[in-house]
Number of protein chains: 2
Amino acid sequence: MRNFSLAIVGATGLVGREMLRILEEREFPISHLQLFASERSTGLTFPFRGRSLEVKSLEEGCFRGVELALFSAGAEVSLDYAPQAKREGAVVVDNSAAFRMEPWVPLVIPEINPSDLEDQRGLVANPNCSTIQMLLAIYPIHLVAEVERVFVSTYQSVSGTGYDAWEELAKQSRDFLEGRQPKPSVYPHQIAFNLLPQIGDFNPKGYSAEEIKLARETEKILHDQKIRVYATTVRVPLFRGHSEAVTLQTRKKLTASQAEEILSLASGVEVIEGQDYPLPLNCVGKDAILVGRIRDGGEEENILQLWVVADNLRKGAALNAVQIAELLKDNL
Amino acid sequence: MRNFSLAIVGATGLVGREMLRILEEREFPISHLQLFASERSTGLTFPFRGRSLEVKSLEEGCFRGVELALFSAGAEVSLDYAPQAKREGAVVVDNSAAFRMEPWVPLVIPEINPSDLEDQRGLVANPNCSTIQMLLAIYPIHLVAEVERVFVSTYQSVSGTGYDAWEELAKQSRDFLEGRQPKPSVYPHQIAFNLLPQIGDFNPKGYSAEEIKLARETEKILHDQKIRVYATTVRVPLFRGHSEAVTLQTRKKLTASQAEEILSLASGVEVIEGQDYPLPLNCVGKDAILVGRIRDGGEEENILQLWVVADNLRKGAALNAVQIAELLKDNL
């Protein structure tokens with residue numbers, strides 16, 4: 001087993017730092033690791049396996065010799081630099097939305113559609129955080145009972161937006177508790193002690209970009225154009241961890257206890273049942289997504305309900321990207 | 001038009017105080033108003049129409065001469081004292097869950113089923129906060145398109161639990177922001193910067209009491225045993241205002257713009273559309289429920305999606321109870 005030359009683009013962001021942590025934890029075989037970020041972060045250093053790595057800025061030729069480049073710096077950076085990375089010889093795993101719906105780009109959750117990596121052409125997309133945790137919970141049920149419709153409401157923490165949003169929630173919360181008027185900056189409205197039922201821009205039908213992602217990415221990952229996803233995506237005043245209330249209409253009937261049994265055997269899923277249930281507070285740092293509150297619609301209806309919680313920075317982003325890189329390296 | 005003798009039971013609670021405010025705002029014709037609460041609050045005074053009212057404790061005979069008694073002190077107090085109030089001659093409007101599902105007790109949202117008051121036998125129940133706001137949004141659509149299934153996820157603030165929960169959210173939030181470990185007391189787990197997907201006890205099928213209320217109260221208020229409500233009810237770290245992501249399967253197709261038109265004409269409903277949407281922060285003190293993010297399922301599916309926000313202490317509790325009292329007084 002040989003070692004690989006890696007790069008992280010967006011290394012100073014919340015997801016980038018988590019990638020660094022996960023590469024270390026999982027002992028990814030690395031010969032050389034380069035960290036890239038925007039110019040304001042150039043020169044910062046991060047510890048990795050007892051050494052100190054300096055953050056560099058992106059420039060022509062910077063991906064030469066890099067075999068795997070993990071991008072998590074937003075769609076614009078990916079659009080600008082992923083083609084360059086590819087051209088200079090790296091295989092890109094892109095955490096942004098930039099290329100996800102391109103027909104030639106595999107969109108992969110390793111527990112679900114690893115075989116889509118076989119046809120990769122130098123760029124693989126990491127799905128959206130809310131899609132990953134939803135599909136890990138749905139897929140094992142879909143295999144057995146065929147999911148026809150998904151009704152999902154999300155409760156998404158501010159870490160999905162990034163560092164500035166994290167700081168904004170903390171600052172606004174302090175301001176509010178101390179009687180000062182919180183000032184919105186990252187979000188269009190106050191997030192502290194409030195909810196924002198908008199994640200991304202609205203399309204002409206009134207669906208937000210995040211809601212569209214849940215629907216389109218599900219179709220692509222499951223290779224199923226018939227499955228319908230009706231989502232409402234909401235930003236909640238939590239720092240970390242996304243939660244989803246998921247209701248499924250299935251073609252075949254499954255009872256709650258059958259669904260629980262299926263999910264308890266599924267890869268990447270931890271079932272929490274009985275009087276207990278998954279909490280966003282308890283998901284932080286966990287690789288598995290947590291599923292609980294499994295209920296069925298009774299005799300007359302083919303309905304299943306689930307409560308799904310995951311660490312959005314981890315399985316929702318950094319971990320899934322590193323898992324994709326682990327699969328890719330075996331064919332480099 | 002004559003004046004009436006009223007009592008508020010649970011006058012010192014969040015809902016009780018809101019009732020007092022609303023009776024004053026709406027100029028309810030009152031000859032005499034008595035405030036009752038538990039013994040630890042006895043002797044406290046509250047201003048009402050320029051006078052000061054003293055809080056008294058409940059005792060035998062305390063409802064003699066009272067024509068309308070508004071109860072909001074929890075199910076136990078209602079079970080103990082509502083029968084006495086009735087016996088002593090008052091008509092009770094009960095905000096607790098104690099009597100809601102009794103067949104002889106009308107469960108009323110004045111904009112929807114005021115005629116159910118015609119058969120009242122001395123006790124009328126106020127529906128659950130999350131039911132009221134959901135049905136105000138659904139009912140006008142149901143009349144036109146026949147709602148078959150409701151998929152609803154709630155985002156409920158701590159004021160639904162009461163004062164202690166309000167204090168707990170503030171204290172835990174401060175503790176967390178200042179690096180201290182928040183201690184749960186009112187709720188079984190930390191509520192600050194967290195979500196609790198449990199409101200009320202679980203039944204053997206895994207549904208919480210709040211989820212059951214949404215289903216059963218909907219059937220009773222709409223006089224429709226066929227309508228199916230699949231709810232996930234979640235406590236969120238907000239002080240005030242409940243939000244609901246509601247998806248409807250209807251028998252007849254309605255487009256989003258048809259639904260918007262219908263809702264904009266509905267009583268007790270304010271539609272917020274375009275690039276804007278209802279926020280819990282903006283609902284406080286409003287009588288109307290706010291509906292926005294109205295979307296449809298396109299050509300193939302009879303689906304409507306709504307985002308519904310309301311002041312849970314007001315239309316979700318105190319205002320609805322006072323509106324019931326306004327209707328009742330005309331037949332006393």
Side-chain angles (χ1 to χ4, degrees), chain A residues 149 151-155 157 169-170 173-174 176-178 189-190 192-198 202 205-208 211 228 230-234 236-241 243-247 249 256 273 275 277-282 292-298 300-301 303 305-307 309, chain B residues 149 151-155 157 169-170 173-174 176-178 189-190 192-198 202 205-208 211 228 230-234 236-241 243-247 249 256 273 275 277-282 292-298 300-301 303 305-307 309:
Chain A
R149 289 187 196 82
F151 304 96
V152 55
S153 305
T154 71
Y155 303 67
S157 65
L169 174 59
S173 299
R174 276 195 202 95
F176 184 90
L177 291 166
E178 289 162 18
H189 308 278
Q190 177 183 323
F193 306 109
N194 196 22
L195 306 168
L196 306 181
Q198 176 180 18
F202 292 128
K205 296 277 290 171
Y207 285 90
S208 71
E211 289 157 2
R228 294 189 161 269
Y230 294 98
T232 302
T233 59
V234 181
V236 293
L238 271 66
F239 289 100
R240 188 162 174 174
S243 304
E244 297 179 343
V246 179
T247 301
Q249 280 182 332
E273 268 293 15
Q275 286 297 302
Y277 37 75
L279 295 176
L281 207 62
N282 296 343
R293 304 233 38 228
I294 304 171
R295 293 154 283 161
D296 64 47
E300 293 159 57
E301 300 245 289
I303 294 269
Q305 298 194 274
L306 315 169
W307 175 251
V309 176
Chain B
R149 288 187 196 82
F151 304 95
V152 56
S153 305
T154 72
Y155 303 68
S157 65
L169 174 58
S173 299
R174 274 194 204 96
F176 183 90
L177 291 166
E178 289 162 16
H189 307 280
Q190 176 183 325
F193 306 109
N194 196 21
L195 306 168
L196 306 180
Q198 175 180 18
F202 292 128
K205 296 276 290 169
Y207 286 89
S208 71
E211 289 158 1
R228 293 188 162 271
Y230 294 99
T232 301
T233 59
V234 180
V236 293
L238 272 67
F239 289 101
R240 189 162 171 172
S243 303
E244 296 178 345
V246 179
T247 301
Q249 279 183 333
E273 267 295 15
Q275 285 296 304
Y277 37 75
L279 295 176
L281 206 64
N282 296 343
R293 304 232 38 227
I294 305 170
R295 293 155 284 161
D296 63 48
E300 294 158 55
E301 300 245 290
I303 294 271
Q305 298 194 273
L306 315 168
W307 175 251
V309 176

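Heavy atoms only: backbone and side chains are in, while hydrogens, waters and symmetry mates are out. No experiment lies behind these values; they were computed from the predicted model shown. Naming convention: chains lettered A, B, ... in sequence-line order (proteins, then strands); numbering from 1 in each chain.
The aromatic rings of B:Phe239 and A:Phe176 lie parallel to each other, their planes meeting at an angle below 30°, with 60° marking the opposite boundary.
Across B:Ser153 and A:Tyr155, no two heavy atoms sit closer than the pair CB-OH, 3.5 Å.
At least one side-chain heavy atom of B:Arg228 sits less than 4.5 Å from a side-chain heavy atom of A:Glu300. Side chains of B:Pro280 and A:Phe193 form no contact here, defined as non-hydrogen atoms less than 4.5 Å apart. Counting only heavy atoms from C-beta outward, the side chains of A:Leu279 and B:Pro197 approach each other to under 4.5 Å. In this structure the side chain of A:Leu177 reaches within 4.5 angstrom of the side chain of B:Leu177, judged on heavy atoms. The side-chain heavy atoms of B:Gln305 and A:Phe151, taken from C-beta on, include no pair separated by under 4.5 Å. Residues A:Trp307 and B:Thr232 form a side-chain contact, since some pair of their non-hydrogen atoms from C-beta on lies under 4.5 Å apart.
The parts of B:Ala170 that come within reach of chain A are both its backbone and its side chain, each placing non-hydrogen atoms under 4.5 angstrom from that chain. Within the 4.5 angstrom heavy-atom criterion, atoms from both the backbone and the side chain of B:Ser173 approach chain A. Residue B:Ser157 does not touch chain A at all, counting heavy-atom pairs closer than 4.5 Å. With a 4.5 Å cut-off on non-hydrogen atoms, B:Arg240 does not touch chain A at all. No part of A:Glu244 comes within reach of chain B, as not one of its non-hydrogen atoms sits under 4.5 angstrom from that chain. Contacts of B:Tyr277 with chain A are made by side-chain atoms alone, with heavy-atom separations under 4.5 Å and no backbone atom involved.
Of the listed residues A:Val236, A:Thr247, A:Ile303, the one with more heavy-atom pairs under 4.5 angstrom with chain B than any other is A:Ile303. Taking A:Thr154, A:Val152, A:Asn282, A:Ile294 one by one and counting their heavy-atom pairs under 4.5 Å with chain B, the maximum is reached by A:Thr154. By number of non-hydrogen pairs under 4.5 angstrom with chain A, the leading residue of B:Glu301, B:His189, B:Glu273, B:Arg174 is B:Glu301. Interface check for chain B: of the options A:Ser208, A:Gly298, A:Ala231, the most heavy-atom pairs under 4.5 Å are formed by A:Ala231.
Listed by chain and number, the residues in a salt bridge (Lys or Arg N to Asp or Glu O under 4.0 Å) with A:Glu211 are B:Arg293, B:Arg295 (sequence neighbours excluded). By the side-chain hydrogen bond (donor to acceptor under 3.5 Å, both in side chains) test, A:Asp296 is found to be paired with B:Lys205, residues two or more places apart in sequence or in another chain being considered.
Atoms CG and OG, on B:Leu196 and A:Ser243 in that order, are 10.0 Å from each other to the nearest 0.5 Å. Interatomic distance, B:Gln198 CD to A:Gln275 CD, rounded to the nearest 0.5 Å: 6.5 Å. Between the CD atom in B:Gln190 and the CG atom in A:Leu281 there is a gap of 4.5 Å [rounded to 0.5 Å].
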